[in-house]
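We number each residue from 1, following the sequence as shown. Worth knowing before you read on, the calculation uses all heavy atoms, side chains too, and leaves out hydrogens, waters and symmetry mates.
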Amino acid sequence: MIAAIKPAGTNTRGLLAYLYGRGTHDEHFDPHIVAGFAMLGMPDPGRDENATLTELGCYLDEPVSLRNSEFGKLVTDHVWHCPVRAAPEDRYLSDTEWAEIAQRIVQAAGIAPAGDDLACRWIAVRHADDHIHILATTVREDGRRPKLHDSGIRVGDACRAIEKDYGLRRLKKGDRTGARRPTQAEMHKAERLGWEQPSPEWLQDRIRAAIPHVTNAEEFITYLEAGGIEVQVRRGPSGDLLGYAVGRPGDVNEAGEQIYHPGSKISPDLSLPKIKARLESSRPEEHPTARRNHPNTPWHQATDALDTLHTDLADDTHAQAHITALGELLEATAQKAPANLHAELQAASKAFARAQRSQIRAEDRAAHALRSAARDIVHTATGPDGSALAALIAALVWAAIVAGRWHEAKNHAHQADAARQAVQHLQTAADRALAPTLAELTARPPKEEARRVLASDVRAAVPDHAERILADPAWPALATVLADAEARGHQPHQLLKEAAAQRELTTARQPARVLITRIQHTGRNPAPNRRAEAARLQSTMAGSTPAQQTGIGRIPAVTSSPTEQQHRQRR
């Protein structure tokens, strides 16, 4: 059950006209009052043809008019409006049940506390099967204003109790970190203008898309303006940026003036102070161009940064920072991924936005590596090769699973659900990203004898999951990956153990695919030749002074492990 308290209004008669009207698509039928304040003595305009909306409006407004006549300062924001809607799958509720629900809602809100004979005047009008509208005038019979601070939280708690008591669909408790829902006026305006999204949603997507591209608040404002977004800034006497609001081009009011939305009203984590904390908390670092010259590509570096995510969630403030930065990395990946993956990755990023924020304060400096990886990706001029992208998306799947588990452990219901939604989109993208690589690997399987030996490696390295891995349709491709890695000097047995330790396989839908992406990532370079390296160091030491050859400078003899000897014999 959803109770959505609307912004305070000024026109009681106007709201009554809507409640008793036919609706925009004739969806209102049989409007009538199901409940009201104790002294409601007016006839119902929905059931009495002699009753008028004007008379009912004046009756509800009487305490307001009396106060306005006694005090110099007029009350104009006195119309409290709260639609209360049941879920589509909920059973039909009778008028009596809706009346009881309305009474509980106004009590929780502070409109009409239980046993208060001087409370505000209110009515509940039902004009459809699945919802009612509660209208109240927020001046009490004694002329005082009701205490409505945090009424939304109290009403939400009342709705959760009502769902339990009436056997209705149980919704998750809010935590005041959700983005503001578009108003009906904003949704109707978007429909009228042919926009796919209402302005607040459209602006939120573009603000989040901008964050990985910038390193400070001034760059952030400039980037938004360069993207065609109308930006209004507030500065202090020193010129420091204090706040911002954004507007969608073409979104104007009746006077033709641009409509602006403060970032904090679009979403709690998009206020200027929170964006500045995320952007300006990183350690001094190389320029992105310098980092792009690193032997590993930004895509590989991002996967490396994700590898430690599960160990970075022990501290709550660090965990929240890493989950926030994970959302930025998701957005960056979606922006630079190939067209066939863009829609799923963008949907994952949008779903995960709800998982990025909670009531826990983030220690943003802790997520430096993830945030740098996101910036490197959006600044790179080239897209990833297939295996690098597949490895990154597979790592993102696991990271979103880990984030969702952390939220579940903290009882963050909305965030955990958002993470699960993101995982579904990421898994679809991961399957698509890996498909070309699987086809190429499957087309050149190792010889049967080599596959038998590699299967033995699987049984020895990951015995608990070996049969699932060997029964996976992707096993022939995994065998090819292991053979390729062995040819580069790696030990298949060790690669399998490391990959299984990095990402638990119990919840993996297709464990062989998970291992393919992990092993392709970790085994992509030739294994270092420890004997050759030791010989090089011995040669270097031979030319040094005797004093330099003492102590820790001595090079220990390098011996082969039994596993290495076995693999040399195999080759």
Side-chain angles (χ1 to χ4, degrees), residues 3-21 28 31-84 99 102-127 131-155 158 180 183-186 253-255 257 259-260 262 265:
I5 300 174
K6 303 298 183 181
T10 62
N11 188 344
T12 306
R13 173 62 174 77
L15 179 55
L16 286 171
Y18 167 73
L19 300 183
Y20 281 91
H28 298 170
H32 59 281
I33 295 174
V34 294
F37 67 104
M39 301 301 292
L40 178 61
M42 291 293 298
D44 182 358
R47 296 294 171 84
D48 188 334
E49 62 182 11
N50 295 318
T52 67
L53 298 181
T54 300
E55 290 174 335
L56 178 57
C58 290
Y59 187 53
L60 292 169
D61 278 340
E62 277 184 2
V64 182
S65 301
L66 183 61
R67 178 186 169 105
N68 285 346
S69 65
E70 293 180 354
F71 296 91
K73 185 178 180 180
L74 299 181
V75 174
T76 56
D77 58 341
H78 63 282
V79 181
W80 189 85
H81 176 207
C82 180
V84 185
Q103 188 73 53
R104 293 173 67 166
I105 294 293
V106 294
Q107 287 180 4
I111 293 294
D116 188 346
D117 295 333
L118 300 178
C120 300
R121 298 187 177 188
W122 64 275
I123 59 172
V125 176
R126 182 180 190 179
H127 57 202
H131 70 280
I132 60 172
H133 291 259
I134 304 174
L135 182 160
T137 51
T138 56
V139 173
R140 293 164 45 87
E141 297 290 348
D142 56 12
R144 294 184 293 119
R145 304 297 299 274
K147 296 179 180 180
L148 300 179
H149 181 67
D150 285 339
S151 60
I153 297 176
R154 298 192 299 273
V155 167
R180 178 179 72 84
T183 65
Q184 282 195 336
E186 290 167 340
N253 59 20
E254 294 179 354
E257 301 167 332
I259 296 174
Y260 288 96
K265 299 296 183 183

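- When all heavy atoms of Arg154 and His149 are compared, the closest pair comes out as NH1-O, 2.6 Å.
- Sparse packing is recorded around CG of Asp117, with 12 or fewer heavy atoms of other residues, nucleotides or ligands lying under 6.0 Å away.
- Side-chain contact check for Glu62 versus Glu141: every heavy-atom pair is 4.5 Å or farther apart.
- The two residues Leu19 and His127 have their closest heavy-atom pair at O-ND1, 2.9 Å.
- Atom CG in Asn68 sits 4.5 Å away from atom CG in Leu74 (nearest 0.5 Å).
- The side chain to side chain contact (heavy atoms under 4.5 Å, CB included) with Val75 is formed by just one residue from the set Asp61, Thr10, Val139, Thr138; it is Val139.
- Heavy atoms of other residues, nucleotides or ligands lying less than 6.0 angstrom from NZ of Lys6 number more than 12.
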Give the table of side-chain donor-acceptor pairs shorter than 3.5 Å for residues 103-110, with sequence neighbours excluded, one pair per line with atom names and distance.
unit_1	atom_1	unit_2	atom_2	d
Arg104	NH1	Asp165	OD2	3.2
Arg104	NH2	Asp165	OD2	2.8

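- The line from CD1 of Ile123 to CD1 of Ile33 is 4.5 Å long, rounded to the nearest 0.5 Å.
- Atom CZ of Arg67 and atom CZ of Arg140 lie 11.5 Å apart (nearest 0.5 Å).
- For residues 37-60, the ring pair (Phe, Tyr, Trp, His ring centres under 6.0 Å) pairs, not counting sequence neighbours, are Phe37-Tyr59.
- In terms of heavy-atom proximity, Gly46 sits nearest to Tyr20 at N-CE2, 3.4 Å.
- Between the CG atom in Leu135 and the CG atom in Leu15 there is a gap of 4.5 Å [rounded to 0.5 Å].
- At distances below 3.5 Å, not a single donor-acceptor pair connects side-chain atoms of Arg121 with backbone N or O atoms of Leu60.
- In terms of heavy atoms, Ile5 sits closest to Cys82 at CG1-SG, 3.9 Å.
- Between the side chain of His133 and the main chain of Val125, no donor-acceptor pair closer than 3.5 Å is present.
- For His131 against Arg126, the heavy-atom pair with the smallest separation is O-CG, 3.7 Å.
- Of all heavy-atom pairs between Val64 and His78, the closest is CG2-CD2, 3.8 Å.
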